[in-house]
Amino acid sequence: MTILRGRIVDKKGEPVNDAVVYVASAPVSLPDIGALTDEAGQFSFFAPVPGRYTLGARSERWGVTQIDIVVGKEPEQQITIRFGDSEEGP
Amino acid sequence: MSGNPVASGPHKPITNLAVTESTIEAPMFSAGSTGYGDEEEVEAGADTELVIKPEFEVAYESAVEFKVPDLTDLRDIGEASFGEPALLEAVIGVDERVQIQKTKLFPWRASASLLITAADNSQWIGTGWFIGPRTLITAGHCVYVKNSGMPGRDGWAKKIQVMPGRNGAELPFGGISATEFWTVEGWALQGKEIYDYGAIILPAPFDQDLGFFGFGVFKDQTLLAVTANIAGYPGDKPKGTLWYDHRKVGSVNADKVFYAADTAGGQSGACVYMFVDGQRVAIAIHAYGGNTANSGTRISSQVYANLESWKRD
């Protein structure tokens, strides 16, 4: 199991709080719950098995974006999701 | 079936509060109520809600394959692995969800947006649905975090803000914060996906009679012939908006119902229901995505017994 510690930032690298983060696709069945980022734009999920995951994030200001990641066998993995690369949002 | 079922074994209910109200026993079908005022129209003999879906539904539905996982040796959710290790999606194929605008109507107002505060103060979104004036059913992982791997996070939620009929920033019935929760030992102690269901008990009912879903226990053959309807509050859509989808039930086993209806993170706990003589009757509690079919905890006789015992007026 790997802990995914993430941070969501905008184009300027500023943290995006109150964004929803969710697992859009995964190698295994996962709880269909969404995490809210804190004031530092941080969130954390766990990935139960190694493999390819797609994390989605949605902010009222920035819209939706997704990031594909490969999870290995490390106990912890850092992730940064950057808004602004998506087709949606300002 | 003779007598009333009593949940036992891994279905033995547990709560974060001392029990102050007695449980009850009931038959295997619990009727719902439409509550006050208007109801979303239902066509005679319909098995879905009367909302317009995109036209590509039929073409895609036949392409969906259901691969039922072998649950005979189910491990904890932290280890559970179903099917081939491919990239699997909760929104299956084309996104067919439809946004519900008239959320003040039944049955939409009988579902609620949940803002969950976990033990470590992290916040999460989910969905719940009423089975009585003070009781909402949801996923077990919405009321009791299990196997998170994060220090201080596992355990009972600190509180859950319940917002029925939410439509974006609009809360037509307001919100109530709840701190009494129930789940079962199979989830809280063992973390097994097949026991992933729970309840939220409100300290008081909402001012208006919002109505509630019926629920029942049905045979495999019945479930395999019906359409699974699901509405919830997905995190990939504008905040706090309610979205609906429906698809035929793909497969069932003793503990789970599988369907290709689209969902996304935030819909955990949503009501999976069918129509019986024009009445909406829950058959499962949506809990999992990211597989070849999304899935919910089946309302078995044991689950039914707990839902009945968790009802509060």
Side-chain angles (χ1 to χ4, degrees), chain A residues 1-6 8 16-66 68-71 74-77 81 86 88-89, chain B residues 69 75-91 114-116 118 120-127 139-142 145-150 153 193 196 232-239 263-270 286-296:
Chain A
M1 184 177 80
T2 299
I3 301 295
L4 305 177
R5 290 186 186 273
I8 298 186
V16 177
N17 71 336
D18 203 32
V20 179
V21 188
Y22 52 91
V23 179
S25 60
V28 296
S29 179
L30 289 176
D32 218 359
I33 198 166
L36 290 174
T37 56
D38 62 18
E39 291 183 352
Q42 295 175 330
F43 67 92
S44 56
F45 270 114
F46 82 103
V49 298
R52 291 173 56 209
Y53 290 72
T54 299
L55 296 184
R58 192 180 202 292
S59 153
E60 292 308 291
R61 173 170 169 75
W62 294 102
V64 176
T65 192
Q66 290 192 338
D68 293 326
I69 60 171
V70 176
V71 174
E74 300 81 6
E76 195 167 311
Q77 190 167 329
I81 299 177
S86 168
E88 297 185 47
Chain B
R75 294 167 289 170
D76 284 0
I77 181 175
E79 304 174 328
S81 176
F82 301 143
E84 297 297 317
L87 190 65
L88 307 166
E89 301 180 354
V91 172
L114 304 180
L115 175 58
I116 302 155
D120 65 346
N121 291 318
S122 61
Q123 291 196 303
W124 306 78
I125 61 169
T127 302
H141 62 256
C142 288
V145 179
K146 187 69 178 174
N147 297 334
S148 71
M150 295 297 294
R153 181 173 296 173
E193 179 175 327
D196 193 346
Y233 287 90
D236 63 337
K237 300 294 187 183
K239 181 180 287 185
T263 66
Q267 286 187 251
S268 273
H286 176 69
Y288 288 82
N291 208 318
T292 45
N294 296 320
S295 65

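Throughout, a chain's letter reflects where its sequence line sits, starting with A, and its residues are numbered from 1. Predicted model, so just to flag it, every value in this text is computed and none were measured.
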Intermediate values then yes/no, side chain to side chain contact (heavy atoms under 4.5 Å, CB included), B:Lys239 and A:Asp18: CA-CA 10 Å; B:Lys239 181 180 287 185; A:Asp18 203 32; 2.3 Å; yes
Step-by-step side chain to side chain contact (heavy atoms under 4.5 Å, CB included) determination, A:Asp38 to B:Asn121: CA-CA 10 Å; A:Asp38 62 18; B:Asn121 291 318; over 6 Å; no
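When all heavy atoms of B:Asp236 and A:Tyr22 are compared, the closest pair comes out as CB-OH, 3.0 Å. The two residues B:Ser268 and A:Pro31 come nearest to each other via the heavy atoms OG-C, 3.9 Å. Contact record, B:Trp124 with A:Ser44: CH2-O, 3.6 Å, taken as the closest heavy-atom pair. Considering every non-hydrogen atom in both A:Ile3 and B:Met150, the closest pair reads CG2-SD, 3.4 Å.
With a threshold of 4.5 angstrom between heavy atoms, B:Ser148 approaches chain A through N, CA, C or O but not through any side-chain atom. Looking at B:Ile116, only its side chain comes within 4.5 Å of chain A, counting heavy atoms on both sides. At a 4.5 Å heavy-atom cutoff, the contact between B:Ala287 and chain A is made by backbone atoms alone. Of the atoms belonging to A:Ile33, heavy atoms from both backbone and side chain fall under 4.5 Å from chain B.
A:Leu36 has its side chain within reach of B:Leu115: a pair of non-hydrogen atoms, C-beta onward, lies under 4.5 Å apart. A:Arg58 has its side chain within reach of B:Pro238: a pair of non-hydrogen atoms, C-beta onward, lies under 4.5 Å apart.
The greatest number of non-hydrogen atom pairs below 4.5 Å with chain A, out of B:Gln123, B:Gln267, B:Arg153, B:His286, is found for B:Gln123.
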